[in-house]
Amino acid sequence: MSVQQVLEALSDPARRSVVRTLAHSPADLSCGSFDLPVGRSTSSHHFSVLREAGLLRQYYVGTTKMNTLRAEELERRFPGLLSAVVAAADAEALDTAPS
């Protein structure tokens, strides 16, 4: 897990949305739980980038691919980064929300 990979993964708004959603979720979420404005193959690419950067852990429950945020590992490796990114993504979501 390198800071370069993590920051590059977080540079895309769709990937930040996935991280933000997982950060606020009390449970792990399936890939289909995310409302991403992209097609299925692009969505799979985004999950792959997040996984390869070390932000997500994916596992199967039956045939459903589940996602969990590696929050503890990220906090140990890059203290404060995840909370700052999630706070910024929250603010960004509020700025773009319809009035």
Side-chain angles (χ1 to χ4, degrees):
M1 183 184 308
S2 75
V3 71
Q4 180 76 25
Q5 269 189 304
V6 169
L7 293 175
E8 286 176 4
L10 292 170
S11 69
D12 186 275
R15 293 192 290 262
R16 280 194 309 277
S17 174
V18 169
V19 169
R20 176 179 180 258
T21 301
L22 283 169
H24 291 303
S25 176
D28 298 347
L29 297 171
S30 69
C31 292
S33 300
F34 296 88
D35 185 25
L36 297 177
V38 295
R40 188 173 176 161
S41 65
T42 302
S43 190
S44 293
H45 168 74
H46 286 313
F47 282 104
S48 175
V49 169
L50 290 168
R51 187 184 66 249
E52 289 170 9
L55 290 156
L56 298 183
R57 179 174 295 114
Q58 293 184 312
Y59 61 95
Y60 282 94
V61 174
T63 59
T64 303
K65 190 181 282 189
M66 301 298 291
N67 299 278
T68 186
L69 192 59
R70 295 178 60 194
E72 291 176 12
E73 294 103 323
L74 285 162
E75 185 60 28
R76 276 195 305 273
R77 180 77 184 221
F78 309 113
L81 177 65
L82 183 60
S83 58
V85 167
V86 170
D90 287 342
E92 187 176 65
L94 286 175
D95 288 343
T96 60
S99 303

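One is the number of the first residue; the rest follow in order along the sequence.
A distance-only check finds no donor-acceptor pair linking the side chain of Gln58 to the backbone of Thr68 [under 3.5 Å]. Looking at Arg15, its side chain does come within 3.5 Å of a backbone N or O of Ala9 through a donor-acceptor pair. Looking only at distances, no side-chain donor or acceptor of Ser43 sits under 3.5 Å from a matching main-chain atom of Arg40. Checking side-chain atoms of Ser2 against main-chain N and O of Gln5 turns up a donor-acceptor pair under 3.5 Å.
Within the 4.5 Å cutoff, side-chain heavy atoms of Arg57 are placed close to those of Glu73. Residues Leu36 and Phe47 have side chains in contact (heavy-atom distance under 4.5 Å, counting atoms from C-beta outward). Contact check for Arg77 versus Val3: no side-chain heavy atoms found under the 4.5 Å cut-off. With contacts defined as side-chain heavy-atom distances shorter than 4.5 Å, the pair Leu94/Asp90 does not qualify. You'll find the side chain of Pro79 reaches within 4.5 Å of the side chain of Glu75, heavy atoms only. You'll find the side chain of Leu22 stays beyond 4.5 Å of the side chain of Asp28, heavy atoms only. Side chains of Leu55 and Met1 form no contact here, defined as non-hydrogen atoms less than 4.5 Å apart.
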### Message
Test side chain to side chain contact (heavy atoms under 4.5 Å, CB included) on Arg16 and Val86; report intermediate values, then the result.
### Response
CA-CA 8 Å; Arg16 280 194 309 277; Val86 170; over 6 Å; no
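Between Glu92 and Arg20 there is no salt bridge, since none of the side-chain N atoms of the basic residue sits less than 4.0 Å from a carboxylate O of the acidic one.
Atoms CZ and CZ, from Arg70 and Arg76 in turn, are 9.0 Å apart once rounded to the nearest 0.5 Å. Separating the CG atom in Asp35 from the OG1 atom in Thr21 is a distance of 9.0 Å, to the nearest 0.5 Å.
For Tyr59 and Asn67, the side-chain atoms include no donor-acceptor pair closer than 3.5 Å. Side-chain N/O atoms of Ser30 and Ser33 include a donor and acceptor closer than 3.5 Å.
Of the residues listed (Leu69, Val6, Leu56, Asp12), the one engaging Leu50 in a side chain to side chain contact (heavy atoms under 4.5 Å, CB included) is Leu56, and it is the only one.
Leu29 is not connected to Met66 by any chain of hydrophobic side-chain contacts under 4.5 Å among Ile, Leu, Val, Met, Phe, Trp and Tyr, and they are in different clusters. Cluster annotation: Val49 and Phe78 are assigned to distinct hydrophobic clusters (Ile/Leu/Val/Met/Phe/Trp/Tyr, side-chain heavy-atom contacts under 4.5 Å, transitive).
Of all non-hydrogen atoms in Ser83 and Gly80, the two that sit nearest each other are OG-O, 3.1 Å.
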